[in-house]
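Take a look at the structure set out below.
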Amino acid sequence: MSDAKTDPGAATGEGDGTAPTLRSRRKSLFASTVGNVLEWYEWSTYAVFAPFIATVMFHPSDRVSALLSTLAVFAVGFLMRPLGGIVFGRIADRRGRKFVLVTTMLMMAGGSLVIGLMPTYASIGAWASLILLLARMAQGFAHGGESATANTYVAEIAPSEKRGLWGSIVFVAIFGGSALAYSVGGAVTSVLSDDAVARWGWRVPFLLGALLALAALYLRRSMDESEVFAEEKAGDDTGPLPRRQVVRAVLLVITMTSGITAAHYTWTSYVSTYAITRMGMDAGVAYWCSVAAQCVALATLPLWGLLSDRIGRRPMMIAFAVLMIALQIPLTGLIGPEGWTLLVASSVALAVVAVPGALLSATMAENFPTRVRTQGIGFAYSVSVAVFGGTAPYLNQLFVEWGAARLSSLYIMLLCAFTGIACYLMRETRGIHLKDA
């Protein structure tokens with residue numbers, strides 16, 4: 001492909017049709033990111049409104065049991081992610097990245113529409129709980145494919161020397177979608193009374209997500225296919241697959257992401273619920289503090305990605321593990337009924353979580369061969385997220401109910417230690433061409 005710095009077509013966006021120009025790749029990056037933001041918005045909205053969903057979709061006689069059941073459905077959705085990562089990963093490695101990114105967008109929007117319109121427990125009894133479970137399972141299945149394919153796609157369209165920076169945009173979308181969900185949550189709880197939110201207001205964010213997905217679908221239809229994937233298909237490589245390399249990469253990615261994803265979902269999906277239900281913090285205050293903290297972390301992501309292109313992936317991943325082990329207990333202990341405590345604790349924690357988050361797309365893509373890259377990422381990343389991330393809110397709440405809140409922090413710290421070990425064993429991949437992965 002022509003160099004974007006010297007090729008006039010690359011500068012104007014008018015290529016010869018044989019390869020995407022730099023301008024075209026940037027447009028594809030934008031389309032992928034917008035869709036990814038909305039997918040994470042739809043995914044995070046469930047966690048944001050968990051206390052309200054618990055009161056209308058499960059038996060209302062036991063509020064603690066209802067909340068735990070709601071968080072269990074959250075975890076089950078995550079358990080569908082490995083299956084989605086495997087199925088959609090295989091499709092993406094055969095039919096292309098763009099096809100999967102459009103399909104998963106449709107499935108996530110459909111799940112949000114179902115949740116936004118479904119009847120309550122008071123109307124149809126346990127069927128409401130079942131419909132909610134099935135909708136979240138469908139979203140989890142789609143989300144596994146979306147996450148794997150988005151991480152692969154962005155890494156593959158990025159210039160090799162800027163893959164860390166471009167790849168950080170994937171986690172920008174994660175934080176952006178979550179921050180958008182909390183912003184909508186804060187707006188809804190501020191404008192409406194608690195009774196109105198409990199009766200119908202919690203549905204608004206899900207219906208909004210389904211509507212906004214139409215715009216994302218329009219953008220994604222015009223994306224370029226990954227050039228790395230196209231070259232691989234054109235080459236028709238039928239040589240033996242380096243199975244030992246793939247197995248090693250899968251095990252290292254699962255271990256590497258265990259601490260990252262557990263810390264991420266604890267500090268984005270659980271701590272606001274903890275502040276509301278255990279510390280007595282006002283729901284609106286908790287949501288806006290979470291939004292502010294995630295915006296702080298979001299602003300650091302490109303900086304971490306750019307730094308990784310300069311000094312490498314491994315030292316920054318190891319630094320995250322050390323910092324999280326040191327800060328998890330004091331930051332959790334800081335949270336009280338005042339909003340500033342959640343703001344400070346979450347801002348610091350999420351800025352630390354942003355370090356490996358910015359590097360995940362590049363690091364994972366650089367460890368898998370092209371013809372199994374999406375399958376490998378889809379399986380390894382989704383298994384780790386399902387086992388360690390999706391269960392984090394449930395385990396945190398369970399430990400708190402047992403009167404052993406310290407165990408949740410120790411659990412996060414142990415997983416972060418595993419992350420550090422995996423990163424120590426992982427090779428440095430900064431700047432390699434993905435054909436050589």
Side-chain angles (χ1 to χ4, degrees), residues 1-36 85-105 145-167 169-170 216-242 245-246 249 361-379 381 429 431-437:
M1 187 176 75
S2 301
D3 191 325
K5 294 181 180 179
T6 58
D7 180 15
T12 63
E14 299 174 355
D16 58 7
T18 60
T21 64
L22 181 60
R23 180 181 176 183
S24 179
R25 284 189 288 170
R26 285 173 174 165
K27 289 176 64 177
S28 295
L29 175 65
F30 176 75
S32 175
T33 302
V34 170
N36 212 3
I86 294 169
V87 172
F88 280 118
R90 188 172 181 82
I91 294 172
D93 286 335
R94 291 193 172 191
R95 293 198 57 178
R97 315 330 188 185
K98 176 181 174 179
F99 174 80
V100 169
L101 290 173
V102 171
T103 303
T104 54
M105 187 83 253
E146 164 75 19
S147 295
T149 309
N151 276 291
T152 299
Y153 181 76
V154 172
E156 288 183 347
I157 66 173
S160 297
E161 72 280 4
K162 295 182 179 180
R163 192 175 297 123
L165 176 61
W166 281 46
I169 303 300
V170 176
L217 282 169
Y218 175 79
L219 291 173
R220 282 191 168 185
R221 288 182 59 193
S222 62
M223 291 191 310
D224 295 318
E225 184 53 86
S226 158
E227 187 181 357
V228 174
F229 168 78
E231 290 177 353
E232 179 72 19
K233 294 297 289 184
D236 194 24
D237 185 2
T238 58
L241 186 68
Q245 174 194 346
V246 173
S361 178
T363 303
M364 291 190 298
E366 290 164 351
N367 276 277
F368 286 100
T370 299
R371 42 183 170 141
V372 294
R373 179 167 294 125
T374 315
Q375 297 175 68
I377 293 175
F379 176 75
Y381 186 46
T429 53
I432 68 167
H433 195 291
L434 289 182
K435 291 191 299 184
D436 303 323

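To the nearest 0.5 Å, atoms CZ (Arg95) and CZ (Phe229) are separated by 10.0 Å. The CG atom of Asn151 sits 11.0 Å away from the CZ atom of Phe368 when rounded to the nearest 0.5 Å. For the atom pair OG1 of Thr152 and CE of Met364, the computed distance is 7.5 Å after rounding to the nearest 0.5 Å. Distance CZ/Phe99 to CZ/Arg94: 13.5 Å, rounded to 0.5 Å. Taken from NZ in Lys27 to OG1 in Thr21, the straight-line distance is 8.5 Å, to the nearest 0.5 Å. Here CG of Leu434 is found 10.5 Å from CD of Glu231. Values are rounded to the nearest 0.5 Å.
By the ring-ring contact (aromatic ring centres under 6.0 Å, His included) test, Tyr153 is found to be paired with no residue, residues two or more places apart in sequence or in another chain being considered.
When every heavy atom of Gly145 is checked against every heavy atom of Val100, the shortest pair comes out as O-CG1, 4.1 Å. Taking both residues in full, the closest heavy atoms of Gly35 and Arg220 are given as C-NH2, 3.3 Å, listed atom of the first, atom of the second, then distance. Across every non-hydrogen atom of Thr370 and Asp93, the tightest pair is O-OD1, 3.8 Å. What you find for Ala365 and Ala155 is that their closest heavy atoms are CB-CB, 3.4 Å.
No side-chain heavy atom of Glu227 sits less than 4.5 Å from a side-chain heavy atom of Ile157. Contact annotation: the side chain of Gln375 never approaches that of Ile86 to less than 4.5 Å [non-hydrogen atoms, C-beta and beyond]. Using a 4.5 Å heavy-atom cutoff, the side chains of Ile432 and Thr429 are in contact. Contact annotation: the side chain of Leu101 approaches that of Met223 to within less than 4.5 Å [non-hydrogen atoms, C-beta and beyond]. Between Arg25 and Trp166 the shortest side-chain heavy-atom distance falls below 4.5 Å.
Using modelled atom types, one finds a donor on one side chain and an acceptor on the other under 3.5 Å when comparing Arg163 with Ser160.
Judged by distance alone, the side chain of Lys98 and the main-chain N or O of Asp224 form no donor-acceptor pair under 3.5 Å. For the pair Asn36 (side chain) and Ser32 (backbone), a donor-acceptor distance under 3.5 Å is absent.
A salt bridge links Glu156 with Arg373: at least one charged nitrogen is closer than 4.0 Å to a carboxylate oxygen. With respect to the salt-bridge test (charged N to carboxylate O, under 4.0 angstrom), the residues Arg97 and Glu225 do not qualify.
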**Request:** Test Val372 against Val246 for side chain to side chain contact (heavy atoms under 4.5 Å, CB included), laying out the working first.
**Result:** CA-CA 8 Å; Val372 294; Val246 173; 4.0 Å; yes

